[in-house]
Amino acid sequence: MTSMSRARVARRIAAGAAYGGGGIGLAGAAAVGLLLAEVQLARRRVGIGTPDRVPNARGLYGGTLPTAGEAPLRLMMLGDSTAAGQGVHRAGQTPGALLASGLAAVAEQPVELDSVAQPGACSDDLDRQVALVLSGSGRVPDICVIMVGANDVTHRMPATRSVRHLSGAVRRLRTAGAEVVVGTCPDLGTIERVRQPLRWVARRTSRQLAAAQTIGVVEQGGRTVSLGDLLGPEFAKNPRELFGPDNYHPSAEGYSTAAMAVLPSVCAALGLWPADEEHPDALRREGFLPVARAAAEAASEAGTEVAAAMPTGPRGPWALLKRRRRRRVAEAEPTSPSGV
């Protein structure tokens, strides 16, 4: 599917989400049914060895840094098992811990990490998760990172419904004053047990949802980072290295790869990225595009960020597409006890 075709499909899904539609599909029902059967079979075959307990990474990172009397930055993780860090054994290997440690290093300020992410969650669980975030006694998080979408595909959630819940979550968090970065739907075509031609169906379905998610998020004032291609070629080349024991969730190295892609956008959302990198670089094929086209291009390339850029015009909302340089994120450990 071409970028322009994917942009049209993504725009239709996002429009359906905005106006209450629920029947726009991502692929043929028969093909999706076969795909789901393959995915479920793969999970049964290789499901042994995954830690059932998700490591508790909550706590303070960078606690030895000077604070000048200021409160630590607050980072909140929302979404599914990818956001929670299922599949690894140590807290420091989870994406939340990796992001908190990296953010603390860039900001030169301690970061308090919390999470309401739920393994197995679909986008409709974001309503509950956001309510937990905003009902707490503490201040609103400075930055929220959401990773969600894979379960929406495997549970046959209509794409319009999926995007509607995600857009609503972003809107509520932004209204409350939090910055929001969303890691879009990963590429289910990388699951080792899914074979062609269903691998192609999985990739196409995942990318369509990722593009539609991007439109919904950007229109609500958030920004997205594509995880689809990131978890595609790199995972396909090194499946034993980047997948965990169940060959379904990422390994420690896989989560580090994802965190490296998301960290620059988290820093940029908080105004912490170098100013000279905030301008589009033509050599890296960055620039201003209609949001649907930017969403389609981002769904096809690793670590690509999309953020709102201009008011709505004749061709619809515009966005800035960035291919930010990644920074290495080492395994992190909190400087205060976990168990929040």
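What you are looking at is a predicted structure, and each value in this text was computed from that prediction instead of being measured.
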Is the closest side-chain heavy-atom distance between P55 and R90 below 4.5 Å?
no
Between D80 and G149, what is the shortest heavy-atom contact and its length?
OD2-N, 3.7 Å
At their closest point, which heavy atom of T94 faces which heavy atom of A57, and how far apart are they?
OG1-CB, 3.4 Å
Quick check on the hydrophobic clustering: are V148 and V153 connected, directly or via other members, by side-chain heavy-atom contacts under 4.5 Å?
no
Compare all side-chain heavy atoms of L209 with those of V163 and state whether any distance is below 4.5 angstrom.
yes
Minimum-distance pair of heavy atoms, taken over all atoms of A319 and A309:
C-CB, 3.7 Å
The single option from D124, D152, N151 that satisfies side-chain hydrogen bond (donor to acceptor under 3.5 Å, both in side chains) with S162 is D152
Residue pair W318 / P290, side-chain heavy-atom distance below 4.5 Å
yes
Can you list the steps and then say if M77 with L99 is a side chain to side chain contact (heavy atoms under 4.5 Å, CB included)?
CA-CA 10 Å; M77 300 296 294; L99 288 171; 4.2 Å; yes
Backbone N/O of L98 and side chain of S101: donor-acceptor pair under 3.5 Å:
no
CG (N56) and CG (L113) are apart, to the nearest 0.5 Å, by 9.0 Å
Working to the nearest 0.5 angstrom, can you tell me the gap between D127 CG and L132 CG?
11.0 Å
Using atom types as modelled and distance alone, determine if a side-chain donor or acceptor of E112 lies under 3.5 Å from a backbone N or O of A100.
no
Connected via hydrophobic side-chain network under 4.5 Å: V145 and V170:
no
Determine whether L173 and L134 make a side-chain contact, defined as any pair of heavy atoms from C-beta on separated by less than 4.5 Å.
yes
Hphob cluster co-occupancy, V106 + L270, side-chain heavy atoms under 4.5 angstrom
yes
Does a side chain donor of either S265 or E305 reach within less than 3.5 Å of an acceptor in the other side chain?
yes
Would you name the heavy atoms of V140 and A178 that are closest together and state the gap between them?
CG1-CB, 3.9 Å
Roughly how far, to the nearest 0.5 Å, is the CG atom of L126 from the CZ atom of R164?
13.5 Å
Indicate the atoms forming the closest heavy-atom contact of A211 with A295, along with that distance.
O-CB, 3.3 Å
D114 with R58: basic N within carboxylate O range, under 4.0 Å:
yes
Determine yes or no for a side-chain-to-main-chain donor-acceptor pair under 3.5 angstrom, with T175 supplying the side chain and R171 the backbone.
yes
Donor-acceptor contact below 3.5 Å, side chain S226 vs main chain A298
yes
Return yes if some donor-acceptor pair links the side-chain N/O of Q213 with the main-chain N/O of C185 below 3.5 Å, else return no.
yes
Check whether any side-chain N or O of Q220 sits under 3.5 Å from a backbone N or O of G168 as a donor-acceptor pair, and report yes or no.
no
Is the shortest heavy-atom distance from the side chain of L78 to the side chain of V130 under 4.5 Å?
yes
Looking only at heavy atoms, the pair that brings D142 and R74 closest together is OD2-N, 2.7 Å
Between V262 and M147, is a side chain to side chain contact (heavy atoms under 4.5 Å, CB included) present by the stated rule, with each step listed?
CA-CA 10 Å; V262 174; M147 297 180 178; 4.2 Å; yes
Are E179 and R174 within salt-bridge range, i.e. N to O under 4.0 Å?
yes
Is it possible for you to say whether V217 and M76 belong to one hydrophobic cluster, with membership spreading through side-chain heavy-atom contacts below 4.5 Å?
yes
Counting N and O atoms only, with roles assigned by atom type, does the side chain of E286 sit under 3.5 Å from a partner on the main chain of K322, one being a donor and the other an acceptor?
no
Approximate separation, where rounding is to 0.5 Å, of Q129 CD and S115 OG:
7.5 Å
E301 bridged to R285 by N-O distance under 4.0 Å
yes
Joint cluster assignment, L263 & L75, ILVMFWY side-chain distance < 4.5 Å:
yes
Between the CD1 atom in I143 and the CG atom in L103, the distance rounded to the nearest 0.5 Å is 8.0 Å
Rounded to the nearest 0.5 Å, the CZ atom of R161 sits from the SG atom of C122 at a distance of 8.0 Å
